[in-house]
Amino acid sequence: MSAYERVNTGPAIFQLGIPAFDGLEKLFARARSSNLLKAGSFSSLIYPDPRGEYEMRREIAGYLSISRNLHCLPEQVFITSGYSSGLGLALRVLGLDGKKVWMEEPGFFLTRKGLELARLNVIPIPVDAEGLNVDYGIEKAADAALAVLTPGQQAPLGSTLSLRRRLQLLEWAVSNDAWIIEDDYLSELQLEGRAAPALASLDEGKRVIHIGSFSKTVSPGLRLGFVVAPTELITAFSEVATTLAPAPSPVIQLATAQFMREGHYIRRVRRLKRLYVAQRDALCEQLRMHDAEWVKAGLAVLLRLPDGAPDVQIVREAMTFGMAPSPLSAWFATPSRSSSGLLLGVATASEPYLATSCHRLFEIIGRYCEPGVRGVT
Ligand SMILES: Cc1ncc(COP(=O)(O)O)c(C=O)c1O
């Protein structure tokens, strides 16, 4: 399946990576009725700022300092069309062709593909309950020029990079002149307690390029995200943004800036958290009734399958019933027999369909994993 096909499906029950629609009607209605969409930005005859609208950059800097403990100047913020385009921008700026890069194993398949397309030599680094195993990285490839990771909530297993590992990673980057790309795709959308501060908040603006996205907190349809560049790289980011990767339409930026300024953004994130916790608890209850075992994994619940179970085939069959869990093995560069499992997204597990969907899913699993599956933690 192509990278495009892997993300361009659904929405379906248990699908990962897309938010609940809940409350979005109001946002879109506001944007439609907003004066911004009626005239303003459309009628401007000059080119917009390729780094992004200043108002939007200022809103993001303010938001990051409150919610991610990341203090930066609006001048460090570059507006992009989501995480993927932020990654492309950052890789252009760094120009690391042929160099080694650490990447989480398992990790986000589009990041892996993007790094390969940028001609980097991807070194898979295992993750555990403390996040990326930095010791392993140093032992395998201390000379890497870059590490790309999801420190807030590891994608897909959900662990948070521990403070010990954060300090170790930053120390490695400083002493090896290496860069770190922090993929903060979930921002503060953490279901368990308060979200850990951004890794970049410990770095004093030196080695960490922080990338954020509005795809999970508002909608992937916005195609909106941002990069916070270390101060040393501001000029290089400005040049690449101007020539190769200008910010998306000012209309959508200004509508979103207004949404943030008026407090709707923070309220939406809080509402989503409450909704997802309720949906996740209902899902776990269903799994309990099916006598399965599972682990919570960020915005998903991971149902492990017996070693060697064909998780990709199971998902293919589930898709014909309108369900789209993600096969765990597909997140590995080199899947093994023990990397079989199903990631059940909680954002799309809305309660009215839950019981029947779970019932059907276990029927399908049962056919592939006789004499009946027991998820194992
Ligand atoms: C790990 C990870 N990073 C980033 C993103 C978001 O990317 P984008 O902002 O391009 O939609 C996703 C979406 O599924 C993801 O899983």
Side-chain angles (χ1 to χ4, degrees), residues 1 3-12 14-20 52 56 60 68 77-91 101-115 117-118 122 124-125 127 131-132 147-161 180-190 195 198-200 209-228 245 247-248 252-253 256 265 269 272 276 297-300 302 324-328 330-333 343-348:
M1 206 188 270
Y4 171 74
E5 284 165 331
R6 283 175 78 169
V7 290
N8 199 40
T9 55
F14 302 138
Q15 186 166 353
L16 275 181
I18 49 172
M56 181 63 178
I60 290 172
R68 312 296 297 120
V77 179
F78 292 81
I79 310 300
T80 65
S81 302
Y83 162 78
S84 296
S85 95
L87 178 65
L89 173 63
L91 293 176
V101 51
W102 296 1
M103 151 101 205
E104 294 162 320
E105 171 80 339
F108 186 39
F109 41 84
L110 289 187
T111 294
R112 189 179 305 117
K113 184 83 191 159
L115 295 171
L117 287 173
V122 181
I125 310 291
V127 294
L132 184 92
V148 184
L149 68 159
T150 47
Q153 290 173 78
Q154 203 275 327
L157 299 178
S159 52
T160 299
L161 190 69
I180 297 167
I181 292 182
E182 172 176 36
D183 172 1
D184 197 46
Y185 69 116
L186 289 179
S187 186
E188 60 173 314
L189 196 49
Q190 171 151 322
L199 173 64
I209 297 167
H210 175 95
I211 307 186
S213 171
F214 289 88
S215 288
K216 314 295 148 179
T217 48
V218 183
S219 162
L222 278 183
R223 290 323 294 139
L224 202 58
F226 56 89
V227 172
V228 181
I252 212 74
Q253 292 183 54
T256 309
Y265 181 70
V269 172
L272 285 182
Y276 292 171
L299 293 192
L302 171 61
S326 181
L328 179 63
W331 293 72
F332 284 82
L343 290 152
L344 309 175
V346 300
T348 44

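Remember, predicted model here, so these are calculated numbers, not experimental data. The analysis underlying the following values was restricted to heavy atoms, covering all of them including side chains, and did not include hydrogens, waters or symmetry mates. Both ligands and their constituent atoms are indexed starting at 1 by order of listing.
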What pairs with F78 under ring-ring contact (aromatic ring centres under 6.0 Å, His included), at least two apart in sequence or on another chain? F237
Set of residues satisfying side chain to side chain donor-acceptor pair (under 3.5 Å) with respect to Y185, sequence neighbours excluded: none
For the pair F109 and W331, name the ring-plane relationship: parallel under 30°, tilted 30 to 60°, perpendicular over 60°. perpendicular
Go through the structure and list residues passing salt bridge (Lys or Arg N to Asp or Glu O under 4.0 Å) with D184, not counting sequence neighbours. R68
Quick one, L328 and L157 - any side-chain contact, counting heavy atoms below 4.5 Å? yes
Within a strict 4.5 Å, meaning less than it, do heavy atoms of the P19 and P220 side chains meet? yes
Nitrogen or oxygen contacts under 3.5 Å, ligand 1 side and protein side:
{"unit_1": "ligand 1", "atom_1": "3 (N)", "unit_2": "D183", "atom_2": "OD1", "d": "3.4"}
{"unit_1": "ligand 1", "atom_1": "3 (N)", "unit_2": "D183", "atom_2": "OD2", "d": "2.6"}
{"unit_1": "ligand 1", "atom_1": "9 (O)", "unit_2": "Y83", "atom_2": "N", "d": "2.7"}
{"unit_1": "ligand 1", "atom_1": "9 (O)", "unit_2": "S213", "atom_2": "OG", "d": "2.6"}
{"unit_1": "ligand 1", "atom_1": "9 (O)", "unit_2": "S215", "atom_2": "OG", "d": "3.2"}
{"unit_1": "ligand 1", "atom_1": "10 (O)", "unit_2": "Y83", "atom_2": "N", "d": "3.3"}
{"unit_1": "ligand 1", "atom_1": "10 (O)", "unit_2": "S84", "atom_2": "N", "d": "3.1"}
{"unit_1": "ligand 1", "atom_1": "10 (O)", "unit_2": "S84", "atom_2": "OG", "d": "3.3"}
{"unit_1": "ligand 1", "atom_1": "10 (O)", "unit_2": "R223", "atom_2": "NH2", "d": "3.0"}
{"unit_1": "ligand 1", "atom_1": "11 (O)", "unit_2": "S215", "atom_2": "OG", "d": "2.6"}
{"unit_1": "ligand 1", "atom_1": "11 (O)", "unit_2": "R223", "atom_2": "NH1", "d": "3.1"}
{"unit_1": "ligand 1", "atom_1": "14 (O)", "unit_2": "K216", "atom_2": "NZ", "d": "2.6"}

